Undergrad: 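Got a structure here, written out as structure tokens. Questions coming.
Given the structure is predicted, the values throughout are model-derived calculations rather than measurements.
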Amino acid sequence: MTSKLGHYDIVDELGRGGMGVVYKGYEPALGRYVAIKVLSSAMAHDPVFVERFLREARAMAALSDPHIIQIYFIGQDEDQVFFAMEFIDGDSLSGWLKRESKLPTAEALKILLQASQGLAAAHAEGVIHRDIKPGNIMINNRGVVKVADFGIALASNDISSSKLTSTGALVGTPGYLPPEVCLGKAVDQRSDIFALGIVLFETLTGRMPFNDASPLKLMLEIVESDIPDIREFNPDVDEETVRILGRMLEKNPSERYQSCDELNADLMKHPQAIGMLTLKAKPVDQGDKA
């Protein structure tokens with residue numbers, strides 16, 4: 001592991017993904033920790049991958065909202081392309097679900113509302129996330145939710161998008177894809193709303209509505225099969241939450257919430273969605289440390 005990138009000291013490795021590595025870094029001049037995403041060296045000489053990587057940084061840097069992870073710096077150190085962003089002292093929703101299986105309705109709705117508020121800000125700038133899933137929803141230790149990883153975001157005013165994502169290409173994570181993506185149709189803000197609905201279903205039940213091991217069969221289910229009744233898996237979910245979820249997961253985009261602002265207006269009327277998120281950290285045992 002390298003000890004320095006640009007003017008950042010590298011403290012630890014946080015994780016690895018398809019496009020590179022994320023480190024915890026320290027910025028001495030400002031006395032703050034940052035997360036540093038570094039493009040994989042195997043991709044650093046490919047202009048297409050470099051542009052996609054930088055597009056993520058630019059998409060996030062153009063957005064200013066308390067519920068979107070902020071970009072601080074975009075740079076290059078020799079052959080390493082990287083960007084520094086806000087460090088989240090907490091965990092992803094995916095991490096929470098691995099430990100807790102499912103969350104109470106009140107906490108699930110509070111997470112949904114904050115994530116949707118972040119997406120509303122992105123959509124207002126013409127940026128569609130296109131990969132909403134629990135791993136891209138971060139929760140810090142103060143209960144603030146932030147949307148992360150705009151790596152395949154589509155900006156309506158980004159003319160380079162056509163070079164990086166061909167028409168009809170499958171973009172996103174199987175299981176969270178809306179029907180229109182599975183069918184190769186155009187995406188818009190309503191596609192993010194569908195994916196966020198899948199996240200809500202999973203958060204309330206500990207499982208996804210469709211989970212066939214075959215990606216092709218999974219997409220076919222998404223397009224053709226009815227969403228299971230969430231109360232079959234969690235009878236404690238109230239009627240209003242069922243209604244909100246049902247509208248988020250409408251197969252036809254025209255029948256969904258037409259914007260996150262519209263979704264947020266309904267959530268703000270739900271008493272369990274209002275107030276501080278008070279998830280309690282589960283003690284880490286020796287098995288979790290392995």
Undergrad: I'd like to check the side chain to side chain contact (heavy atoms under 4.5 Å, CB included) partners of V38; sequence neighbours left out, ordered by chain and number.
TA: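 L5, Y23, I36, Q80, F82.
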Undergrad: Run the side chain to side chain contact (heavy atoms under 4.5 Å, CB included) test against N252 and tell me which residues pass, sequence neighbours left out.
TA: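 N252 satisfies side chain to side chain contact (heavy atoms under 4.5 Å, CB included) with S254, E255 only.
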Undergrad: Could you work out, with salt bridge (Lys or Arg N to Asp or Glu O under 4.0 Å) as the rule, every residue matching D261, not counting sequence neighbours?
TA: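 With neighbours one apart ignored, the set is empty.
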Undergrad: Please enumerate all residues that pass side-chain hydrogen bond (donor to acceptor under 3.5 Å, both in side chains) together with T241, with sequence neighbours excluded.
TA: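 Testing T241 for side-chain hydrogen bond (donor to acceptor under 3.5 Å, both in side chains), a comparison that skips the adjacent residues, returns D238, H270.
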Undergrad: What pairs with S101 under side-chain hydrogen bond (donor to acceptor under 3.5 Å, both in side chains), at least two apart in sequence or on another chain?
TA: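 Listed in chain order: nothing, the list is empty.
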Undergrad: If a pair satisfies salt bridge (charged side-chain N to carboxylate O under 4.0 Å, His left out) and one of its residues is in residues 206-221, list it, with sequence neighbours excluded.
TA: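 Not a single pair qualifies under salt bridge (charged side-chain N to carboxylate O under 4.0 Å, His left out).
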Undergrad: Holding to salt bridge (Lys or Arg N to Asp or Glu O under 4.0 Å), I want the full list of residues that pass it with K102, two or more places apart in sequence or in another chain.
TA: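 Salt bridge (Lys or Arg N to Asp or Glu O under 4.0 Å) check on K102 returns nothing, list empty.
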Undergrad: In chain order, what residues pass the side-chain hydrogen bond (donor to acceptor under 3.5 Å, both in side chains) check against E239, with sequence neighbours excluded?
TA: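 Per chain and number, E239 pairs via side-chain hydrogen bond (donor to acceptor under 3.5 Å, both in side chains) with R231.
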Undergrad: Under the salt bridge (Lys or Arg N to Asp or Glu O under 4.0 Å) test, which residues partner E262, sequence neighbours left out?
TA: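 So E262 forms a salt bridge (Lys or Arg N to Asp or Glu O under 4.0 Å) with R247.
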Undergrad: Which residues satisfy the side-chain hydrogen bond (donor to acceptor under 3.5 Å, both in side chains) test with H123, sequence neighbours excluded?
TA: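 Scan of H123 (side-chain hydrogen bond (donor to acceptor under 3.5 Å, both in side chains), adjacent residues dropped) gives D192.
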Undergrad: Hey, does the Lys NZ or Arg CZ of R55 hover above the aromatic six-ring of F150, less than 6.0 Å from the centre and inside 45° of the axis?
TA: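 No, R55 and F150 do not form such a contact.
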Undergrad: Going by the ring-ring contact (aromatic ring centres under 6.0 Å, His included) test, which pairs reach into residues 28-47, not counting sequence neighbours?
TA: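 ring-ring contact (aromatic ring centres under 6.0 Å, His included) check on residues 28-47 returns Y26-Y33.
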Undergrad: Partners of R243 by salt bridge (Lys or Arg N to Asp or Glu O under 4.0 Å), sequence neighbours excluded?
TA: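 For R243 the salt bridge (Lys or Arg N to Asp or Glu O under 4.0 Å) partners, ignoring immediate neighbours, are E240, D266.
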